Structure formats: C-alpha cells, structure tokens
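One structure is given here, and the rest of the page talks about it.
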There are 2 protein chains.
Amino acid sequence: MTDVPEKKPSRIQTRNRRLILDSALDVFSRDGFGGATLDAIAKGAGLSKPNLLYYFEGKTEIYVTLLSQLLETWLDPLIELDPDGDPVEELLGYVRHKLDMALELPAESKLFAGEILQGAPVIAGYLKDDLKPLFDRKCVVIQDWIDTGRLAPVDPAHLIFSIWSTTQHYADFGTQVSALLDDKSPAKGAHNHLEQMFRRLLAPVNQ
Amino acid sequence: MTDVPEKKPSRIQTRNRRLILDSALDVFSRDGFGGATLDAIAKGAGLSKPNLLYYFEGKTEIYVTLLSQLLETWLDPLIELDPDGDPVEELLGYVRHKLDMALELPAESKLFAGEILQGAPVIAGYLKDDLKPLFDRKCVVIQDWIDTGRLAPVDPAHLIFSIWSTTQHYADFGTQVSALLDDKSPAKGAHNHLEQMFRRLLAPVNQ
DNA sequence: TCGTTGCTTTACCAAATGGTAAAAATTTGA
DNA sequence: TCAAATTTTTACCATTTGGTAAAGCAACGA
C-alpha cells in the first residue's frame with residue numbers, strides 16, 4: 001500500500017524491455033560493465049538511446065535488472081539438490097544441469113563471472129544474504145550424506161566450488177576452449193569427463 | 001638491424017615503468033579494460049597522466065604489455081610437466097603449482113580471465129600460435145602416460161581444463177569464495193580437496 | 001471528435017576520458 | 001660547469017558517453 005499501484009505493463013513495454021535486456025546481455029557479457037555503452041545496447045535493441053532511457057533509469061538499472069533475473073534461474077539447480085535422493089546421482093545430476101546451462105547460456109554465465117571478477121560491486125549483498133544461507137544448508141546436506149556413509153568424504157564447500165568452476169569454465173573460458181580443441185563442440189567430451197571425475201571422487205568406498 | 005638501436009633504459013625509466021605496470025595490474029584486474037582509466041592508473045602509480053603517456057603509447061599498450069609479461073610466467077608450470085616423471089605426481093605437482101599461483105597472484109589471474117571472458121581480443125593470436133601447440137604437446141604426453149598404463153584413462157584436454165578451472169577459481173571467483181567460506185583463507189582446504197579429487201581421478205587402477 | 005495518456009524522436013549538454021603540445025625542470029655526461 | 005638529453009608539468013583538446021528537455025506522434029477511451 002505504501003507502494004505505487006504499478007499498472008501492468010503494456011504490450012509495447014513488455015516487448016521493448018525484453019529487446020533491451022536481450023541486447024544488454026549481449027553487450028555487458030561481451031564488453032563488461034565498464035566497456036558497455038548505452039549506444040551499443042540501444043543499437044542492438046533497435047531503439048534510440050533516449051527511447052531506451054524511457055524504459056530504464058540508466059545503465060546501472062539495466063545491469064542490475066539483468067543480474068537479478070539471472071540469479072533466480074541460476075540457483076534453481078542447487079536448490080533442487082534433494083536430501084532424500086541418491087547422493088551420488090543427485091550431485092552428478094547437478095553437475096550435468098550446471099554444465100548444460102553453461103553450454104546453452106554462456107552469456108549469462110559470463111555476465112555473472114564478470115560481476116564476481118570485479119569484486120561483486122552490485123551483488124555483494126545478495127551473496128551474503130541469499131547465496132550464503134543456501135550454500136550453508138546444502139553443505140550440511142552433503143555432510144549428512146558423508147556421515148551416513150553414502151558419499152565419499154569430501155569437503156562439501158570445496159566440492160561445490162569444483163562443480164561450479166569446472167562447469168562454468170566451458171562458458172566463461174569458451175574462447176580459450178574453442179581455440180584449443182579441434183573438436184567443434186566440447187559438449188560431449190565435457191559431459192563424459194566431468195561425469196567420470198565426479199563419480200570417482202564421490203562414490204563411497206565399499207566396505 | 002632494421003630495428004632501432006634501443007638504448008638501455010635509465011634507472012628512472014625502469015622504476016617508473018614498473019610503478020605504472022603495478023598500478024595498471026590493479027586497475028585493469030579490478031575494473032576490466034573498458035572500466036579502467038588512465039587517470040586511475042596514473043594516480044596509483046603516483047604520476048601525472050601525461051607523464052604516464054611519456055612511458056607508454058597509450059592505454060592499450062599498457063594492457064598488452066601486462067598480458068604478455070603475464071603469459072610468460074603463466075605457462076611455465078605447464079611447460080615443466082615432465083614426460084619422464086611419475087605421471088600422477090607430475091600432474092598433482094602441476095595442480096599444486098597452479099593453485100599456489102592463483103592464491104598468490106590473484107590479480108594476474110583475474111586480468112587473464114577478464115581478457116578471455118571478453119573473447120580474447122588482444123591475445124587471440126597468442127592462443128592459436130603459442131598456447132595451442134604447447135597444449136597439444138602436453139595432451140600427447142598425458143595420452144602416452146595413459147597408453148602405458150601409468151595413468152587412469154582420462155580425456156587429456158578436459159583434464160587440463162579441469163585443472164585450470166578449479167585452481168583459477170580461487171582467484172577469479174575469490175570474492176564469492178570469501179563470501180561463502182567462514183574460514184579466513186581457503187588455501188588449506190583447497191589444496192586438500194584438489195589433491196584428493198585429482199588423485200582419485202588419475203590413479204591407475206591396479207591390475 | 002477530442003483530450004488524455006503513452007511512446008518516440010530531435011536536439012542538446014556536462015562530465016569524463018584518451019591523448020597532445022610545448023614549456024619548464026631535472027638529470028646526465030663531457 | 002654547461003650544454004644536451006631526459007623527465008615532468010601545465011594547459012589544452014576532441015571525442016565519447018551517460019543522461020535530459022521538450023516537442024512530436026500515436027493510441028485509446030469517452
């Protein structure tokens with residue numbers, strides 16, 4: 001009630017905000033926040049710069065909007081780690097899911113990587129207030145799996161870091177991966193390799 | 001002989017170029033190429049902007065100089081992978097070395113990451129002409145180790161990607177790592193975890 | 001049909017930024 | 001010590017860039 005009524009957006013608004021965000025994702029992920037320009041974003045969206053600023057208050061608001069939308073979908077797979085599922089399969093499923101996201105949405109991954117690389121100026125609060133609690137809960141779940149003997153003993157936090165880094169690498173360092181692999185697409189090799197690596201790491205020792 | 005004689009640099013030149021490059025590493029790794037400004041670099045070096053431009057031809061030359069210096073030291077550990085050493089220990093040593101570099105020189109790692117993230121506009125040629133041949137040679141070495149039964153069968157290229165990504169993660173995503181770990185320094189946990197992970201992956205199955 | 005609202009364009013602007021010219025100051029070497 | 005070479009400063013400049021003002025145009029409801 002203290003808030004503005006906020007009429008629902010018109011068809012034009014929905015379309016143009018979408019166009020702007022799509023273009024902005026391209027530009028920000030390619031040039032970084034500092035290197036991105038409103039002109040480039042406007043051009044990519046097929047709008048004039050003042051027209052773009054009719055829909056967003058400024059460069060920063062576009063960037064923040066992109067990041068917050070991104071963070072929602074980005075964490076879903078981690079949230080879905082099911083404490084009641086089979087530990088190894090749950091974690092391997094998570095690896096697969098993250099790798100697929102990196103391969104299919106590299107721009108999103110790069111946008112996030114760029115933000116963290118620069119010290120998370122925009123999402124520092126999110127890391128502390130939202131990501132950390134979730135991360136801690138999932139570490140407990142993994143530790144439980146270990147304590148009940150269904151998972152090899154690993155450091156849960158560093159395990160998650162390993163999953164994040166190895167999967168996102170195919171997006172964030174995609175330029176390097178492409179330059180080094182003769183194979184056109186790294187998808188199959190990456191899937192096989194990560195499956196093998198994490199299965200060996202996580203499979204509990206038979207006793 | 002077609003080149004300029006190039007007198008050796010004076011003491012002042014050596015000192016000031018060092019100051020500039022040190023400051024530039026800070027600024028570029030924090031703000032990215034696009035976000036970095038000559039004013040910020042000059043201020044960090046304790047020089048005026050025109051003075052800075054007396055030593056370097058422009059922003060890009062500073063950036064390129066930093067990257068090329070970086071690439072030299074960065075690849076050393078990979079070059080040193082010894083075909084005649086013990087395969088598992090050679091690779092684990094490489095992991096340790098890379099992790100130490102990431103922990104000790106995070107700015108360098110971030111600078112490189114930012115460059116790749118943006119499509120390697122400056123070092124694309126280097127990737128193709130220098131890194132790729134080295135990478136291919138080392139893949140052959142690893143494949144040899146596998147073929148002679150001294151290493152578990154893994155995809156050499158993706159193995160190297162895994163080593164790079166997991167180790168550099170502690171530098172490039174250091175902000176996130178710090179936000180999520182209660183522990184002050186991730187060094188010990190990271191070393192233990194990566195040692196465990198790659199040992200399990202690489203140890204050949206006893207027959 | 002007309003007035004209100006929503007969307008777009010044109011024409012700007014101030015600040016920031018990469019870079020330059022040239023004079024002043026300093027260092028160096030004979 | 002003094003002239004030549006090197007280094008630093010002062011005073012600029014052109015372009016780019018994020019952003020604004022206001023007029024024009026379009027859509028929509030009464």
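All values derive from a computational prediction rather than experimental measurement. Just the heavy atoms: all of them, side chains too, but no hydrogens, waters or symmetry mates, feed the values below. Proteins come first, then strands; the chains are lettered A, B, ... in the order of their sequence lines, and each starts at number 1.
Nearest heavy atom pair, residue B/Gly85 against residue B/Trp145, reads O-NE1, 4.4 Å.
Between B/Asp39 atom CG and C/dA15 atom P the separation is 16 Å, expressed in whole Å. Rounded to an integer number of Å, the gap from A/Lys43 NZ to C/dT8 C1' is 19 Å. Per the geometry, CD belonging to A/Glu57 stands 9 Å off P belonging to D/dT20, to the nearest Å. Straight-line distance from the CG atom of B/Asn16 to the P atom of C/dT27: 12 Å, rounded to whole Å. The distance between atom CZ of A/Arg11 and atom P of D/dA27, rounded to the nearest whole Å, is 12 Å. To the nearest angstrom, C1' of C/dT17 lies 12 Å from CD1 of B/Ile41. As rounded to whole Å, 15 Å separates atom P of D/dG18 from atom CD of A/Glu61. Taking atom CD1 of A/Ile12 as the reference point, atom P of C/dT9 lies 11 Å away to the nearest angstrom.
B/Lys110 contributes no side-chain N or O that, together with a main-chain N or O of B/Gly174, makes up a donor-acceptor pair within less than 3.5 Å.
The phosphate of C/dC7 has OP1 or OP2 within less than 4.0 Å of a side-chain N or O from A/Gln13. Here B/Asn51 does not reach the OP1 or OP2 of D/dT10: none of its side-chain N or O atoms lies under 4.0 Å away. Using a 4.0 Å cut-off, some side-chain N or O of A/Ser48 falls inside it from OP1 or OP2 of C/dT9. An OP1 or OP2 oxygen of D/dT7 is reached within less than 4.0 angstrom by no side-chain nitrogen or oxygen of B/Tyr55. Remark: B/Tyr54 is not in phosphate contact with D/dT8, judged by side-chain N or O atoms under 4.0 Å from OP1 or OP2.
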Going by atom type alone, with no hydrogens or angles, which donor-acceptor pairs under 3.5 Å involve a side-chain atom of residues 152-163 of chain A and a protein atom two or more places apart or on another chain?
from	atom 1	to	atom 2	distance (Å)
A/Asp155	OD1	A/Ala157	N	3.1
A/Asp155	OD1	A/His158	N	3.3
A/His158	ND1	B/Tyr170	OH	2.6
A/Ser162	OG	A/His158	O	3.0
A/Ser162	OG	B/His193	NE2	2.7

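Two residues are said to be in side-chain contact when any heavy atoms from C-beta on lie closer than 4.5 Å; A/Leu75 and A/Asp130 fail this criterion.
For A/Lys49 and D/dG18, a side-chain-to-base donor-acceptor distance below 3.5 Å is present, hydrogens and geometry of angles not being considered.
Distances from the side chain of A/Thr37 to the nucleotides D/dT8, D/dT17, D/dG19 place D/dT17 closest.
Comparing A/Gly35 and A/Leu53 by the nucleotide of DNA chain D that holds the closest heavy atom to each, the one mapping nearer the 5' end is A/Gly35. Comparing B/Phe33 and A/Pro50 against DNA chain C, the residue whose closest nucleotide sits nearer the 5' end is A/Pro50. Projected onto DNA chain C by closest heavy-atom contact, A/Arg15 and B/Gly34 fall at different nucleotides, the more 5' of which corresponds to A/Arg15.
We find that B/Glu89 and B/Arg199 are joined by a salt bridge, their nearest charged nitrogen and carboxylate oxygen being less than 4.0 Å apart. At a threshold of 4.0 Å, the pair B/Asp39-B/Lys43 does not count as salt-bridged, since none of the basic side-chain nitrogens sits closer than that to a carboxylate oxygen. For the pair A/Asp22 and A/Arg18, the salt-bridge criterion is met [side-chain N within less than 4.0 Å of a carboxylate O].
Exactly one of A/Phe33, A/Phe56, A/Phe112 qualifies for a ring-ring contact (aromatic ring centres under 6.0 Å, His included) with A/Tyr63. That residue is A/Phe33.
Nucleic acid contact class of A/Ala42 (heavy atoms, under 4.0 Å, all strands): none. Counting non-hydrogen atoms under 4.0 angstrom, A/Leu38 reaches the backbone sugars and phosphates but no base. Counting non-hydrogen atoms under 4.0 angstrom, B/Ala40 reaches nothing in the nucleic acid.
Less than 4.0 Å separates DNA chain D from no heavy atom of any residue of residues 17-31 of chain A.
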